[in-house]
Number of protein chains: 2
Amino acid sequence: MLIITLYMRMFPAMRVKIVGLDPHQQYYIAMDIVPVDNKRYRYVYHSSKWMVAGNADSPVPPRVYIHPDSLASGDTWMRQVVSFDKLKLTNNELEDQGHIILHSMHKYQPRVHVIRKDFSSELSPTKPVPTGEGVKTFSFPETVFTTVTAYQNQQITRLKIDRNPFAKGFRDSGRNRTGLEAIMETYAFWRPPVRTLTFEDFTNMQKQQGILFLKQRDHMISYTTQDA
Amino acid sequence: MLIITLYMRMFPAMRVKIVGLDPHQQYYIAMDIVPVDNKRYRYVYHSSKWMVAGNADSPVPPRVYIHPDSLASGDTWMRQVVSFDKLKLTNNELEDQGHIILHSMHKYQPRVHVIRKDFSSELSPTKPVPTGEGVKTFSFPETVFTTVTAYQNQQITRLKIDRNPFAKGFRDSGRNRTGLEAIMETYAFWRPPVRTLTFEDFTNMQKQQGILFLKQRDHMISYTTQDA
DNA sequence: GGTTTAGCACCTAGGTGCAAAGGT
DNA sequence: ACCTTTGCACCTAGGTGCTAAACC
């Protein structure tokens, strides 16, 4: 019996813990991202809600992100938390660097696939994941997200800046600080190590709608949603 | 029949072109580095030669660098130049980050192994490469090198600085230059793109003895030799 | 005395939000 | 009016030789 337990950190990446594999069997692990519905959305600021704003753009053929540790044994996969933090996204339909192509302002659901090696002669970034015996697919409703090219909500921005090491330059104590202030920060105050955004962070902000940031720069910055 | 053609760039990395594989068969490609003799060397500056300076330190169990594109089909391997530029070295015998451990001031020979998948149940970074049917090993006498922790020869230093993008700060036009000079360099003079050091570079410097730089920082910086 | 290390400034490479400009 | 792109300053992460100090 195969079980995936969601080790829920949606920022910056989806991470899963996998149990129940055959230790000696070889597996690929892959992710794809599928539309939730055929609607386009817009964010209504005063009500802090995503509203339907017409029909979806015509979908692009879905791409598959094959986890870079593939191919590995069940034993190896189960020994670690499998993180998808290298997955990159784009809204550029001409992209051919292996990024996953999505439309902005749409809702999507990431899926995790566990694929037994002896079944996967056709696994490819540009082909749909095979189905049937030897392939298990998992999706978690709490990971549905909405894509954007600019943050719609300042709470999201603040969480991102606080949690992502690369955004350190925008932290309150990092912006417009003097040399002395930088020294003070280092020695006088203790700051906990940077950690990634967790499911609970979102719960604590009143089930804020999750969004996903999507520029042509193509960096992966994903958030959980709490639509339920 | 399996043939490896050495695509000779020993700086910063050994690169090989492989032909003659079965396109549909799966292969690992790996490198290890073995002692050439049981001597320790020192560089005699006035004669520009490496001289024997006693017996070798006791050898450490050799480690294997498995090329990160492994496992791949013969077709995939033959389609590209296989580069070992991510291989890292150290003189720290306690290292456990998968680096290859060498002694300084010793002579070594890198070897390339092509290993058919159905033969390699025991391939591991810490175990010797298996031998026999399904495993082919190649070594090239011109790639023998001597390890050092500091450059013994200024010609080597200069080549390194000129060719390695990361040493750009030490180039003549990059050191102590003013803002104006930096602009001049960009607009007024044309500099060819940085390229890696080739076999021919060494030939042109009167068969300078190759050395290999080996700090605990563990970066790969290898040079060809021209002892022949 | 020769060899090795540690700290440094200077690079490459690339991930951030911001603000202004561009698109539709 | 709203969405997207571009150029930017500011980060992380890590690869360089140099120098002075430390190690034998």
Side-chain angles (χ1 to χ4, degrees), chain A residues 11-13 40-45 51 53-54 57 85-92 97 103-106 146-154 156-177 182 193-194 211 213-221, chain B residues 11-13 40-45 51 53-54 57 85-92 97 103-106 146-154 156-177 182 193-194 211 213-221:
Chain A
F11 170 81
R40 156 182 281 277
Y41 289 82
R42 76 189 178 87
Y43 189 73
V44 181
Y45 189 77
M51 310 289 284
D57 298 347
D85 56 356
K86 295 282 185 16
L87 189 157
K88 292 187 180 178
L89 302 167
T90 184
N91 58 347
N92 181 353
Q97 308 304 307
H103 290 128
S104 187
M105 315 304 278
H106 288 56
T146 309
T147 49
V148 297
T149 59
Y151 292 131
Q152 307 290 309
N153 180 304
Q154 200 155 6
I156 296 288
T157 309
R158 195 169 308 129
L159 267 181
K160 179 67 183 303
I161 288 174
D162 286 346
R163 296 287 186 257
N164 192 316
F166 291 106
K168 192 178 178 182
F170 298 97
R171 303 230 256 264
D172 283 348
S173 58
R175 193 124 183 90
N176 299 326
R177 71 180 173 196
V194 174
I211 58 173
F213 205 52
L214 182 68
K215 295 184 182 178
Q216 273 203 354
R217 289 189 282 179
D218 304 337
H219 306 155
M220 172 67 172
I221 313 158
Chain B
F11 173 81
R40 154 183 284 275
Y41 290 82
R42 76 186 177 88
Y43 189 74
V44 182
Y45 189 79
M51 310 289 285
D57 298 347
D85 57 356
K86 295 282 186 12
L87 190 156
K88 290 186 180 179
L89 304 166
T90 184
N91 57 349
N92 181 355
Q97 308 304 304
H103 290 129
S104 187
M105 314 305 278
H106 288 57
T146 309
T147 49
V148 296
T149 59
Y151 292 131
Q152 307 289 312
N153 180 304
Q154 200 153 7
I156 295 288
T157 309
R158 197 169 307 128
L159 266 182
K160 179 67 184 301
I161 289 174
D162 286 345
R163 297 286 186 258
N164 192 315
F166 291 106
K168 192 178 179 183
F170 298 97
R171 303 231 255 266
D172 283 347
S173 57
R175 194 126 182 88
N176 300 327
R177 71 180 173 198
V194 174
I211 58 172
F213 204 51
L214 183 68
K215 293 183 182 179
Q216 273 203 355
R217 290 189 282 182
D218 304 336
H219 304 157
M220 173 68 172
I221 312 157

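Protein chains get the first letters and strands the later ones, always in sequence-line order, with residue 1 at the start of each.
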Rounded to the nearest 0.5 Å, what separates atom OG1 in Thr147(B) from atom CZ in Arg40(B)?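 Between Thr147(B) OG1 and Arg40(B) CZ, I get 8.5 Å after rounding to 0.5 Å.
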
Whole-Å distance separating the [atom1] atom of [X] from the [atom2] atom of [N]:
{"X": "Gln154(B)", "N": "dG17(D)", "atom1": "CD", "atom2": "C1'", "result": "12 Å"}
{"X": "Tyr45(A)", "N": "dA1(D)", "atom1": "OH", "atom2": "C1'", "result": "17 Å"}
{"X": "Asp162(B)", "N": "dT12(C)", "atom1": "CG", "atom2": "P", "result": "14 Å"}
{"X": "Asn164(B)", "N": "dC10(C)", "atom1": "CG", "atom2": "C1'", "result": "13 Å"}
{"X": "Met105(B)", "N": "dC23(D)", "atom1": "CE", "atom2": "P", "result": "20 Å"}
{"X": "Tyr43(A)", "N": "dC3(D)", "atom1": "OH", "atom2": "P", "result": "12 Å"}
{"X": "His103(A)", "N": "dT4(D)", "atom1": "NE2", "atom2": "C1'", "result": "14 Å"}
{"X": "Met51(B)", "N": "dG2(C)", "atom1": "CE", "atom2": "C1'", "result": "16 Å"}

Shortest side-chain distance from [X], nucleotide among [options]:
{"X": "Phe170(B)", "options": "dC18(D), dC18(C), dT4(C)", "result": "dC18(D)"}
{"X": "Arg42(B)", "options": "dT3(C), dT4(D), dT12(D)", "result": "dT3(C)"}
{"X": "Asn91(A)", "options": "dG17(C), dT4(D), dC18(D)", "result": "dT4(D)"}
{"X": "Ala167(A)", "options": "dT3(C), dG17(C), dG17(D)", "result": "dG17(C)"}
{"X": "Lys168(B)", "options": "dC11(C), dG17(C), dT12(D)", "result": "dC11(C)"}
{"X": "Phe166(A)", "options": "dT4(C), dT12(D), dC3(D)", "result": "dT12(D)"}

Option among Asp57(A), Asn91(A), Val148(A) that satisfies the side-chain contact (heavy atoms from CB on, under 4.5 Å) test with Met105(A):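 Exactly one candidate clears the test, Val148(A).
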
Distance-only, no hydrogens or angles: does the Arg171(A) side chain make a donor-acceptor pair with backbone N or O of Ile161(A) under 3.5 Å?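 Side chain of Arg171(A) to backbone of Ile161(A): a pair is present.
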
Restricting to side chain to side chain contact (heavy atoms under 4.5 Å, CB included), what partner residues turn up for Tyr41(A), sequence neighbours left out?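 Listed in chain order: Asp37(A), Lys39(A), Trp50(A), Val52(A), Lys107(A).
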
Residue list, side chain to side chain donor-acceptor pair (under 3.5 Å) with Arg158(A), at least two apart or on another chain: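 For Arg158(A) there are no side chain to side chain donor-acceptor pair (under 3.5 Å) partners, ignoring immediate neighbours.
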
If you assign Tyr41(B) and Ile161(A) each to the DNA chain C nucleotide with the nearest heavy atom, which residue ends up on the more 5' nucleotide?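 Checking each residue's closest nucleotide, the 5'-ward one belongs to Tyr41(B).
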
Under 4.0 Å between a side-chain N/O of Ser104(B) and OP1 or OP2 of dT4(C), yes or no?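 Affirmative; the distance criterion is met.
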
